[in-house]
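Structure first, commentary second.
All values below were derived from every heavy atom in this structure, side-chain atoms included, with hydrogens, water molecules and symmetry-related copies excluded. All of these numbers come straight from a predicted model, not from anything done at the bench. Throughout, numbering of the chain's residues begins at 1 and tracks the sequence.
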Amino acid sequence: MIENIRLSFKGILSHKIRSFLTMLGIIIGIAAIIAIVSTIKGTNEQIKNNLIGAGNNTVKIQLSNGDTVCDFSYEAPPSNVAMFTSDTKKRINELKEVESSTFYRTRNNPDNLFYLNNKMDSSTIYGVDKDYFDTVGYEIVEGKGFAERNFTKFDKVAVVDKTLAEGLFQGESPVGKVIDISGEPFTVIGVAVKNSNFEPVISSVEDYYTYNQTSSGLVFIPTNDWGIVFRYDEPENCIAKAVDTDSMTNAGKKSADILNENVSAVKGGGKETSASVEYKSDSLLEQAKSLQDLSSSTNKMLIWIASISLLVGGIGVMNIMLVSVTERTREIGLKKALGARKKRILAQFLTEAAVLTSIGGIIGVLTGIGLSQVIAKVAEVPVAISSASIVVSVVFSMVVGIVFGLIPSIKAAKLNPIDALRYE
C-alpha cells in the first residue's frame, strides 16, 4: 500500500497541470458543499440564539382563547380559571425539565402610568412574585428588589427597568421617586436589567420588530398589589426556566398540563362554551426548529446542485485514468511479465485515483473554509465550520476516486502482457 501511494504521488507530480485540472471539479464541489453547510449551521445557530437567547432557556405558558393570548386590557377575565396556589408552583418545579418557575400578570400599553406630568403610554406593567427576577434573569443594578414583606403587607412599591428609568425620569435616579399607577402612588425602590449578555442579530426591519418588543420600558409591582391597581384579580401566566435548551418544549407542555387543571369547563346552553380557553406554552424552540428546517430544506437543494460538480469531477478522474492506462500500457505489460498479479495492478490504479481525489478533497475543504469566511464578511451572515462535514467531504472525495477509478483500474488489470509489451 505504501509503495502504491508513493507511485501515485510520483505520477501526479509528473503531470502537475493535468492533475490539477482533473482535481478542479472535486475542489469546486467540495468547496461549495463546505461553504453551504457552514452557512446553514451558522444561520441555524443565529435563529436559535435570536429566538431563545443565550443561556436563558425560559418558556412562557400563557392563558389563551383559541390561538390568541388573553389580553385583559380589552376583555373580561374568564370565570372558569382558578387562581394558582403554592402547590401549583411546587408541582411545576418538581418536573425534571424545570429548574424554576414564576407566576406573573401583565398589562400592555397602560394609559394610567405617570410621573409628575410625564406619561408613559407604551410601557408594560408586570405583577410578579418573589421568584420572577431570578427565573427570568433580571438583576438589580440600583436600589433593591422586592422583599418578602412587600408581598404580605401589600406595600405599594415598584421596580422599573433601565429603559423606563431613562425615559420617564429624564436622567434622574428613579429610586425613591413616586409614580402614579391608576391613581395609586407607588414608590420606586430599584432598577432592574436583564443579566444576559445576549444581543440578537438585527439585519432587517422585520428582525427589529421581532426581537425588540420591550424597548418601551417595564414596571414591576408585587402581584398582590394587582387588585389595588386594576380593581380585580386576573388569572396569572407562568414562565418556566428549563434545565437546558433542549428541554424547553417538554418543560412548557408539562407545565401547561398542570396549569390547565385550574381551568374548568363552563356549560351554557347545553354545551361547553369555554373549551377554547386554556394555557398554552410559547415554544420558541419549536419556532426555531421550524425556521431551521425551512432554511435547511432550501439549502439542501443547493447542496445537491453543488454535488453535480463532484459528478463532473468524477467523470474527469475516470477520463484521465483511462488516458493514464493507455500511456502506461507498456509499463503495465512489463510488470505483469515480471509476475505482478491482477489485484496488484488494480490496487495501484485505484490508489492513484483515490489519492488524486483525496488531495482535491483536502484542497476543496480549505477553499470552502476560506470561502465561508468571505461569505460571512461580504454578505454579513454567520457561518459555523462543521468538523463532521470536513471529514465526510474528504472521505467522500476518496470514494469518488475509487468508484470512478474502478473502470480504468479493471481495464489495466485485464491487459494481456504480450499485447501490452507490443503497444507503441
task: Evaluate whether atom NZ of K177 has more than 12 neighbouring non-hydrogen atoms of other residues, nucleotides or ligands under 6.0 angstrom away.
output: yes
message: Given 3.5 Å as the limit, does a donor-acceptor pair link the side chain of N93 with the main chain of S101, or not?
response: yes
query: Can you find a side-chain donor-acceptor pair between S64 and E278 that sits under 3.5 Å?
result: no
message: Under 3.5 Å, is there a donor on one side chain and an acceptor on the other for T22 and S19?
response: no
field: S247-N250 side chain donor-acceptor pair, cut-off 3.5 Å
entry: no
query: When you measure from the centre of the six-membered ring of F230, is the NZ or CZ of R107 under 6.0 Å away and within 45° of the axis?
result: yes
Contacts of V81 that satisfy side-chain contact (heavy atoms from CB on, under 4.5 Å) - sequence neighbours left out: L63, P78, P235, V263, V277, Y279
task: Kindly say whether I221 contributes a backbone atom to a donor-acceptor pair with the side chain of D225 at under 3.5 angstrom?
output: no
statement: With V219 as partner, the option from I179, T124, V159 fulfilling side chain to side chain contact (heavy atoms under 4.5 Å, CB included) is I179
Distance-only polar pair, side chains of T135 and S100, donor-acceptor under 3.5 Å: yes
task: Establish, from distance only, whether the side-chain atoms of T102 and D129 form a donor-acceptor pair under 3.5 Å.
output: yes
F396 atom CZ, over 12 foreign heavy atoms within 6.0 Å: no
- prompt: Should the ring pair Y126 and Y132 be called parallel, tilted or perpendicular, given that the plane angle runs from 0 to 90° and is split at 30 and 60?
  reply: tilted
message: Using every non-hydrogen atom in the two residues, find where I402 and L350 come nearest and quote the distance to one decimal.
response: O-CD2, 3.5 Å
message: Under a 3.5 Å distance rule, please check whether D161 uses its side chain to pair with a backbone N or O of L164 as donor and acceptor.
response: yes
query: Can we say E97 and K254 salt-bridge, meaning some charged N sits less than 4.0 Å from an Asp/Glu carboxylate O?
result: yes
message: So that I can tick it off, tell me whether K89 and D131 are bridged by a salt bridge, with the cut-off set at under 4.0 angstrom between side-chain N and carboxylate O.
response: yes
task: Look at atom CG of L13 and say whether more than 12 heavy atoms of other residues, nucleotides or ligands are closer to it than 6.0 Å.
output: yes
field: Geometric class of the F151/F146 ring pair [parallel <30°, tilted 30-60°, perpendicular >60°]
entry: perpendicular
- prompt: Is the NZ atom of K162 crowded by more than 12 outside heavy atoms at less than 6.0 Å?
  reply: no
